[in-house]
Amino acid sequence: MKKSSLKETELKKILSKLEAVGKIICLKEANNSLWIHVDKFAEVEEQILEFIASYHQKNHLEPGISKEELRSKIKFNFDNQEFNKIIKILISKKLIKEKENALALLDFEISFNKSEKELKDRIIKEFKINLYTPPSSAEIKDKLDIDQQKEEKYNSIINYLILNDVIIRLNNEILIHSQAVEGAEKLLKEYLEENSAIELGEFRDLIESSRKYALALLKKFEKERMIKKNGDKRVLFN
């Protein structure tokens with residue numbers, strides 16, 4: 001709150017009245033409070049929407065722009081708390097949406113042209129060929145002839161597939177098709193309903209995979225509290 005000859009209590013009453021009639025908007029309360037006139041807020045809103053729209057045009061395969069990147073691009077100097085309040089207001093006005101820390105216009109949806117859709121389908125196919133022994137990213141790029149020029153598009157499609165739960169990230173190295181995760185979970189539950197516990201090697205053989213992928217899947221199921229470790233074995237969590 002900027003200095004004023006008015007007493008703080010009187011100033012707060014005036015600000016509250018102006019807010020009540022829609023003249024100003026509070027972006028930050030407490031001692032270091034910040035209020036913005038609705039006309040100035042309209043400028044901020046217009047600039048944010050224009051920048052997001054421009055980002056979509058240049059990056060149509062990305063879900064949206066990160067909040068921090070957007071904050072750094074607009075000409076107004078807001079701190080994190082103030083900018084987060086602005087974003088919440090724009091979301092409440094149904095002008096933008098936020099998913100996985102990405103901001104997008106409300107009606108924006110990722111769309112693929114013909115060649116992009118073909119690449120997406122080919123990537124999915126590679127993961128489906130060997131469900132429980134998925135290829136590495138390097139192997140897929142090599143097989144699909146993804147050069148440096150195509151790599152950005154490839155990465156955007158991979159991110160899209162992860163965001164939409166088509167491909168699941170097990171760790172920094174392993175991506176796997178969601179059907180593999182669902183299938184492995186079903187096989188594991190059925191096995192543990194008939195047997196009290198399972199060893200890593202037994203699970204590996206159950207899904208006909210390798211130790212590397214079997215362990216990554218077991219760790220995922222442990223994190224989700226489906227199973228838990230009991231010595232060298234895994235048992236159902238409950």
Side-chain angles (χ1 to χ4, degrees), residues 56 58-64 99-102 104 108-195 197-229 232-237:
H56 288 329
K58 297 173 183 175
N59 306 273
H60 71 284
L61 293 180
E62 294 295 329
K99 185 177 181 181
E100 300 291 331
N101 298 317
F108 174 76
E109 296 294 340
I110 292 175
S111 59
F112 300 88
N113 61 34
K114 185 179 178 181
S115 64
E116 291 163 349
K117 184 179 183 304
E118 287 174 354
L119 178 56
K120 174 173 69 73
D121 292 343
R122 291 178 70 194
I123 291 172
I124 293 172
K125 183 180 178 181
E126 290 303 313
F127 280 102
K128 282 186 170 182
I129 289 173
N130 296 298
L131 268 182
Y132 299 109
T133 54
S136 67
S137 184
E139 289 170 334
I140 293 178
K141 285 191 278 189
D142 183 58
K143 187 169 182 178
L144 301 185
D145 296 321
I146 304 297
D147 54 22
Q148 286 187 336
Q149 189 175 357
K150 298 177 184 176
E151 189 163 11
E152 184 176 351
K153 186 171 292 186
Y154 168 85
N155 290 334
S156 293
I157 292 174
I158 288 290
N159 289 337
Y160 169 86
L161 294 173
I162 292 173
L163 187 64
N164 287 274
D165 296 323
V166 178
I167 300 299
I168 308 298
R169 183 179 292 282
L170 296 183
N171 55 40
N172 290 335
E173 295 181 8
I174 302 174
L175 298 175
I176 196 167
H177 197 281
S178 59
Q179 289 179 5
V181 176
E182 293 165 6
E185 182 177 351
K186 182 175 183 292
L187 288 170
L188 182 57
K189 282 182 177 178
E190 289 174 350
Y191 183 94
L192 290 176
E193 285 171 0
E194 296 181 5
N195 305 273
I198 190 169
E199 294 181 355
L200 173 57
E202 292 171 328
F203 180 64
R204 175 200 63 207
D205 295 340
L206 185 66
I207 62 173
E208 299 180 358
S209 184
S210 69
R211 186 182 187 280
K212 174 182 175 180
Y213 301 113
L215 182 58
L217 282 165
L218 287 176
K219 286 185 176 181
K220 173 179 172 59
F221 298 145
E222 286 171 12
K223 187 176 180 181
E224 295 172 349
R225 306 185 79 179
M226 172 193 157
I227 57 173
K228 59 185 177 182
K229 286 195 74 174
D232 292 331
K233 299 183 178 183
R234 268 83 173 176
V235 298
L236 286 172
F237 193 87

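- In this structure the side chain of Leu170 never reaches within 4.5 angstrom of the side chain of Tyr213, judged on heavy atoms.
- Judged by distance alone, with hydrogens and angles left aside, the side-chain atoms of Asp142 form no donor-acceptor pair with the main-chain N or O of Ala138 at under 3.5 Å.
- The local environment of CG in Asp147 is crowded, with over 12 non-hydrogen atoms from other residues, nucleotides or ligands closer than 6.0 Å.
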Derivation and outcome, side-chain contact (heavy atoms from CB on, under 4.5 Å), residues Phe203 and Arg234: CA-CA 10 Å; Phe203 180 64; Arg234 268 83 173 176; over 6 Å; no

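- For the residue pair Pro135 and Ile140, the shortest heavy atom distance occurs at CG-CG1, 3.5 Å.
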Verdict with reasoning, Leu215 to Leu200, per side-chain contact (heavy atoms from CB on, under 4.5 Å): CA-CA 7 Å; Leu215 182 58; Leu200 173 57; 4.1 Å; yes

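- Side-chain contact between Val235 and Ile227 is absent, with no heavy atoms from C-beta onward closer than 4.5 Å.
- With values rounded to the nearest 0.5 angstrom, Glu62 atom CD is found 3.5 Å from Ser156 atom OG.
- Here the side chains of Leu144 and Leu119 are in contact, with some heavy-atom distance below 4.5 Å.
- Asn130 places no side-chain N or O within donor-acceptor distance of the main-chain N or O of Thr133, the cut-off being under 3.5 Å.
- Between His56 and Phe108, the ring planes lie parallel to each other; the angle is under 30°, not in the 30° to 60° tilted range.
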Working note: Leu188 + Leu217, criterion side-chain contact (heavy atoms from CB on, under 4.5 Å); need CA distance, chi angles, decisive distance, verdict. CA-CA 10 Å; Leu188 182 57; Leu217 282 165; over 6 Å; no

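- Within a 6.0 Å sphere centred on NZ of Lys233, heavy atoms belonging to other residues, nucleotides or ligands number 12 at most.
- Sequence neighbours left out, not one pair with a member in residues 160-184 passes salt bridge (charged side-chain N to carboxylate O under 4.0 Å, His left out).
- To the nearest 0.5 Å, atoms CG (Leu206) and CG (Leu187) are separated by 5.0 Å.
- With rounding to the nearest 0.5 Å, the separation of CG in Leu236 from CG in Asn195 is 10.5 Å.
- With rounding to the nearest 0.5 Å, the separation of CG in Leu131 from CD in Glu208 is 11.5 Å.
- The two residues Ser209 and Ala214 have their closest heavy-atom pair at OG-N, 4.4 Å.
- For the pair Ser137 and Tyr154, the tightest heavy-atom approach, listed with the atom from each and the gap, is OG-OH, 3.1 Å.
- Contact annotation: the side chain of Leu161 approaches that of Ile123 to within less than 4.5 Å [non-hydrogen atoms, C-beta and beyond].
- Rounded to the nearest 0.5 Å, atoms CD (Glu194) and CD (Glu190) are 7.5 Å apart.
- Of the possible donor and acceptor atoms, one in the side chain of Asn171 sits under 3.5 Å from a partner among the backbone N and O of Ile174.
- Rounding to the nearest 0.5 Å places NE2 of His177 at 5.0 Å from CD1 of Ile167.
- Between the side chain of Asn164 and the backbone N or O of Val166 there is no donor-acceptor pair closer than 3.5 Å.
- Salt bridge annotation for Asp121-Lys117: present, with a cationic side-chain nitrogen under 4.0 angstrom from a carboxylate oxygen.
- Proximity of a side-chain donor or acceptor of Tyr160 to a complementary backbone N or O of Pro63 within less than 3.5 Å is not detected.
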Working note: Lys229 + Leu218, criterion side-chain contact (heavy atoms from CB on, under 4.5 Å); need CA distance, chi angles, decisive distance, verdict. CA-CA 10 Å; Lys229 286 195 74 174; Leu218 287 176; over 6 Å; no

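- A donor atom on one side chain and an acceptor atom on the other are not found under 3.5 Å apart for Ser210 and Tyr132.
- Annotation for Ile176 and Pro134: closest pair CG1-CG, 3.9 Å, computed over non-hydrogen atoms.
- Glu109 and His60 form no side-chain donor-acceptor contact under 3.5 Å, judged by distance and modelled atom types alone.
- Using a 4.5 Å cut-off on side-chain heavy atoms (C-beta onward), Phe237 and Met226 make no contact.
- Under a 4.0 Å N-O distance rule, the pair Glu222/Lys228 does not qualify as a salt bridge.
- A salt bridge links Glu224 and Lys220; the closest N-O separation between the charged side-chain nitrogens and carboxylate oxygens is under 4.0 Å.
- Proximity of a side-chain donor or acceptor of Glu202 to a complementary backbone N or O of Glu199 within less than 3.5 Å is detected.
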Assess the residue pair Glu185 and Lys189 against the criterion (salt bridge (Lys or Arg N to Asp or Glu O under 4.0 Å)); give the C-alpha distance rounded to whole Å, side-chain angles, the decisive distance to 0.1 Å, and a yes or no. CA-CA 6 Å; Glu185 182 177 351; Lys189 282 182 177 178; 3.3 Å; yes

